[in-house]
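Remember, predicted model here, so these are calculated numbers, not experimental data. We number each residue from 1, following the sequence as shown. When reading the values below, keep in mind they use all heavy atoms of this one structure, side chains included, and skip hydrogens, waters and symmetry mates. Counting starts at 1 for both ligands and their atoms, following the listed order.
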Amino acid sequence: MHMKKKVIVYDRIEEPVLSALQEEFDVRIFKERDAHDNPEFLSFLQETEGVIGLGFPGQSDILDKAPNLKIISNVSVGYNNLDTEELTKRNIMGTNTPDVLTDTVADMAMGLMLSTARRMPELDQYVKQGKWKEAVTTELFGVDVHHKKLGIIGMGRIGKAIAQRAHLGFNMDILYHSRTPKPDAEERFNATYMNLESLLRNSDYICLITPLTDETRGMIGKKEFQLMKRSAIFINVSRGSTVVEADLIEALKNKEIAAAGLDVYVQEPVNPDNELLKMKNVVTLPHIGSATAETEHKMAALAAENLRAGLNGEKPGNLVNPEVWKKE
Ligand SMILES: NC(=O)c1ccc[n+]([C@@H]2O[C@H](COP(=O)([O-])OP(=O)(O)OC[C@H]3O[C@@H](n4cnc5c(N)ncnc54)[C@H](O)[C@@H]3O)[C@@H](O)[C@H]2O)c1
Ligand SMILES: O=C(O)[C@H](O)CO
């Protein structure tokens, strides 16, 4: 009898993609808490050929326990959960889901910027508590977004989609810092390339949207917050660990910056005792940049396509370690 290949769905994958995978493969769903010592997880992992999901810890200690693994298909564009060198060494493919989420994340970055600047969550509470009159006071007025300077750190797919919205929709001046200059962004959004220090000094809004790598880990800390304007509003939609969170808390407490809008945290789910959650000038979201019904579906479908290709001996469209692919 033909044996179905074993596949782990890690954390979750949306329907109807899950049902389709269950038809084709021997699927088992595991959650983050299982990754460490659940004997059922460890025994299934021994025989697993493919993993699909969110944030599977693709590091050597887990890979040692997965001798048959061929592919880890992330349902995310970020792949900081994967040790790509280690995967390549072991001939394991890693894939991600770029492009399909770009506009959704950029919409959310603009939403965070607007809601932080115009204090929307705070005002929402006043209205719902019947305190309309108390809400309409100069102390609770926000600041303008339009015609201000937006500094984008990481002018990639999402960075450019943010620049498009901010420049064409809100008449913002775009400053940016990236590994290399992006002539297309300069042409389309009149964006100005700057070193990090100049960007931090000159921006009214700073939006961080780089991947998390060895280079970007902690790239915004005490020194960087001190360079920002006291009126600056800081938005992080990248990964929590691109920022030194303790330094962000200090900068907000000491009024070195005005406010922050955050979708990501060093620890997720964020610890309820985290001081950021107690600050009125911080708008928080639970890492939902790409989480709309439409985009979740597109990401799940693309990740399943990558998984199928990898398990059928074809080259997946979104390899994050392309050097692993060798034609026989
Ligand atoms: N909050 C969310 O829900 C959410 C959703 C999607 C993506 N993300 C994050 O956004 C990241 C970017 O996604 P993308 O599709 O735009 O990726 P991308 O690869 O198209 O763009 C990343 C950009 O960052 C730049 N960069 C890399 N290292 C840098 C450094 N050291 N200094 C300055 N710039 C640097 C690159 O040059 C590139 O232009 C993802 O890796 C992920 O971590 C978060
Ligand atoms: O990287 C991404 O796609 C999102 O942050 C979901 O993890």
### Query
Is there a donor-acceptor contact under 3.5 Å from the side chain of H146 to the main chain of N171?
no
Nearest non-hydrogen protein atom to atom 3 (O) of ligand 2, with distance, is V77 N, 2.7 Å
heavy-atom search around atom 1 (O) of ligand 2 in the protein gives R239 NH2, 2.7 Å
Contacts of E40 meeting salt bridge (charged side-chain N to carboxylate O under 4.0 Å, His left out) (sequence neighbours excluded), chain-then-number -> R28
Kindly check if the number of other-residue, nucleotide or ligand heavy atoms within 6.0 Å of NZ (K149) is above 12?
no
I'd like to know whether CD of E32 has more than 12 heavy-atom contacts from other residues, nucleotides or ligands below 6.0 angstrom.
no
| said: Taking the cut-offs as 6.0 angstrom to the six-membered ring centre and 45 degrees off its axis, would you call K131 and Y126 a cation-pi pair? | reply: yes
Per the under 4.0 Å non-hydrogen criterion, ligand 1 touches V77, G78, V105, G154, M155, G156, R157, I158, H177, S178, R179, K182, I209, T210, P211, E215, T216, M219, V237, S238, R239, D263, V264, H287, G289, S290
task = Could you check whether the rings of F30 and F41 sit parallel, tilted or perpendicular, using 30° and 60° as the cut-offs?
result = perpendicular
Donor-acceptor pairs are to be reported for all side-chain atoms of residues 45-61 against protein atoms at under 3.5 Å, with residues two or more places apart or in another chain.
{"unit_1": "T48", "atom_1": "OG1", "unit_2": "F44", "atom_2": "O", "d": "2.8"}
{"unit_1": "E49", "atom_1": "OE1", "unit_2": "K70", "atom_2": "NZ", "d": "2.7"}
{"unit_1": "Q59", "atom_1": "NE2", "unit_2": "N81", "atom_2": "O", "d": "2.8"}

For S76, the ligand 2 atoms with a heavy-atom partner under 4.0 Å come out as 1 (O), 2 (C), 3 (O), 6 (C), 7 (O)
What donor-acceptor contacts under 3.5 angstrom involve side-chain atoms of residues 108-121, with partners at least two apart or in another chain?
{"unit_1": "S115", "atom_1": "OG", "unit_2": "G111", "atom_2": "O", "d": "2.8"}
{"unit_1": "S115", "atom_1": "OG", "unit_2": "L112", "atom_2": "O", "d": "3.4"}
{"unit_1": "T116", "atom_1": "OG1", "unit_2": "L112", "atom_2": "O", "d": "2.6"}
{"unit_1": "R119", "atom_1": "NE", "unit_2": "E122", "atom_2": "OE1", "d": "3.1"}
{"unit_1": "R119", "atom_1": "NH1", "unit_2": "E139", "atom_2": "O", "d": "2.9"}
{"unit_1": "R119", "atom_1": "NH2", "unit_2": "E122", "atom_2": "OE1", "d": "3.4"}
{"unit_1": "R119", "atom_1": "NH2", "unit_2": "E122", "atom_2": "OE2", "d": "3.2"}

Logged contact type for L101 with ligand 2, heavy-atom cut-off 4.0 Å, is side chain
Only one of T88, T95, T84, D83 passes side-chain hydrogen bond (donor to acceptor under 3.5 Å, both in side chains) with N321, and that residue is T88
So, regarding G78 and ligand 2 (criterion: nitrogen or oxygen to nitrogen or oxygen, under 3.5 Å), is there a contact or not? yes
Note: heavy atom closest to atom 5 (O) of ligand 2, options E268, H287, M299, belongs to H287
